[in-house]
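I have placed the structure first, in the form of structure tokens, so that the comments after it can refer back to it.
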Amino acid sequence: MILDKIGIISCSGEECLGGTISRLAVRKMMEELKPGMVSTLCLPLFIAGDGGEREFAEKYPTIAVDGCSKCCAKRAIEKYSNKVAGSVDVAEIIGAEIALEKPLSTRNLTTEHMEYVKKTADKTCEIFDEILAKSV
Amino acid sequence: MSKIKVIPCSGIGKVFGLLARESALMVTQEKCPDDTETLCLAHVVTGDNEVVEKIKGETCITMDGCAKYCSKKSVEETGGIVVKSHKVPDFMKAHRGEEHGTGTYLTEDGWKYAEELAEIMVEEVKEIKAGVN
Ligand code: SF4
Ligand code: SF4
């Protein structure tokens, strides 16, 4: 099966920096790294949605991008939809202490934060390419 | 009284989700840090005991990005008491024709709108506090 899209869902956690990074990394995948090849969904829609949202991870191999080791996106996707095809934990990339710092408004982003976003997006991209290669 | 929970949805596809998030961060971090706090909605959604304990029976204000009301629904399902529920497009009337940005960034008009949404919630925080004290 040749895939035309891969799902990527971030936890977008509002309580800590890792959540902000997870969200921005997914946006970077959508806009810069894999434009047109990413399908995403607001995570809470798995629960609150009344349409076919819960089938999302059955339709697309899905990568979860989580802000900390609680891995809420991964767990929610697996509980309500399907096993994830891959997962990224921002805390493993930037360190748990930094990931658990206060959440960040996009207007306070520094070059250091953008580097965290890049590293997280690069890791996500690696998994994305592996999934794609396996599907050919 | 414990801190009022201000919980935005986690909308990622459009600017409305980012407006909800930024306005909630303004309230909890800048405008009323002593009276409010936020929680990860994705964590609420997992139903983990740890987060259920934090939210059950607590006073919450939700700001959603669209009529799916993910934050309101998920918070209520977890036992939070939603005393004020909003969705970003409800306040759009005065902002028709403006460009607010995308799910990644806000424009100057977007920041003004987020500020307006935050002020609405700040007034509500004051009302809730006044009613309780
Ligand atoms: S994984 Fe961590 S940052 Fe993300 S929603 Fe869960 S608790 Fe929040
Ligand atoms: S309320 Fe709308 S924008 Fe917000 S998470 Fe749900 S579907 Fe997404």
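A note on names: the letters A, B, ... follow the listed sequences, proteins ahead of strands, and every chain is numbered from 1.
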Which region of B:Ile7, side chain (C-beta onward) or backbone (N, CA, C, O), has a non-hydrogen atom less than 4.5 Å from a non-hydrogen atom of chain A, or is it both or neither?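 When you check distances to chain A, no heavy atom of B:Ile7 falls under 4.5 Å.
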
Checking B:Leu25 against chain A: side chain, backbone, both or neither under 4.5 Å from a heavy atom?
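The answer is the side chain of B:Leu25.
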
Is there a path of hydrophobic side-chain contacts, each under 4.5 Å between heavy atoms of I, L, V, M, F, W or Y residues, that connects [X] with [Y]?
{"X": "B:Val27", "Y": "B:Ile128", "answer": "yes"}
{"X": "A:Val65", "Y": "A:Leu100", "answer": "no"}
{"X": "A:Leu109", "Y": "A:Ile93", "answer": "yes"}
{"X": "B:Val82", "Y": "B:Val51", "answer": "yes"}
{"X": "B:Tyr69", "Y": "B:Met63", "answer": "no"}

Check: Does A:Arg107 come within less than 4.0 Å of B:Glu115, counting only side-chain N to carboxylate O?
Finding: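 Salt bridge between A:Arg107 and B:Glu115, a charged N being under 4.0 Å from a carboxylate O: no.
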
| query | Got a salt bridge between A:Arg75 and B:Asp48, using NZ or NE/NH1/NH2 to carboxylate O under 4.0 Å? | reply |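 Yes, charged N to carboxylate O under 4.0 Å.
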
Contact summary for [X] and [Y], nearest pair of heavy atoms:
{"X": "A:Glu15", "Y": "B:Cys40", "answer": "OE1-N, 3.0 Å"}
{"X": "B:Ser10", "Y": "A:Cys11", "answer": "OG-O, 4.2 Å"}
{"X": "A:Thr106", "Y": "B:Thr104", "answer": "CG2-O, 3.9 Å"}
{"X": "A:Cys42", "Y": "B:Gly11", "answer": "SG-CA, 3.6 Å"}

Would one find more than 12 heavy atoms of other residues, nucleotides or ligands at under 6.0 Å from atom [atom1] of [X]?
{"X": "B:Lys5", "atom1": "NZ", "result": "yes"}
{"X": "B:Lys14", "atom1": "NZ", "result": "no"}
{"X": "A:Glu58", "atom1": "CD", "result": "yes"}
{"X": "B:Lys31", "atom1": "NZ", "result": "yes"}
{"X": "B:Glu99", "atom1": "CD", "result": "no"}

One should read off an interatomic distance between B:Thr38 OG1 and A:Glu14 CD, to the nearest 0.5 angstrom, of 5.5 Å

One should read off an interatomic distance between A:Leu43 CG and B:Cys9 SG, to the nearest 0.5 angstrom, of 11.0 Å

Select, from [options], the one with the greatest count of heavy-atom pairs under 4.5 Å involving chain A.
{"options": "B:Gly103, B:Gly17, B:Ala24", "value": "B:Gly103"}
{"options": "B:Glu77, B:Gln29, B:Glu37", "value": "B:Gln29"}
{"options": "B:His43, B:Glu22, B:Arg21", "value": "B:Arg21"}

Among residues 20-33 of chain A, residues within the sub-4.5 Å heavy-atom range of chain B, in order of number, are A:Thr20, A:Arg23, A:Leu24, A:Val26, A:Arg27, A:Glu31

Select one option (side chain, backbone, both, neither) describing which atoms of [X] are under 4.5 Å from chain B's heavy atoms.
{"X": "A:Leu41", "result": "backbone"}
{"X": "A:Ser105", "result": "both"}
{"X": "A:Ile9", "result": "neither"}

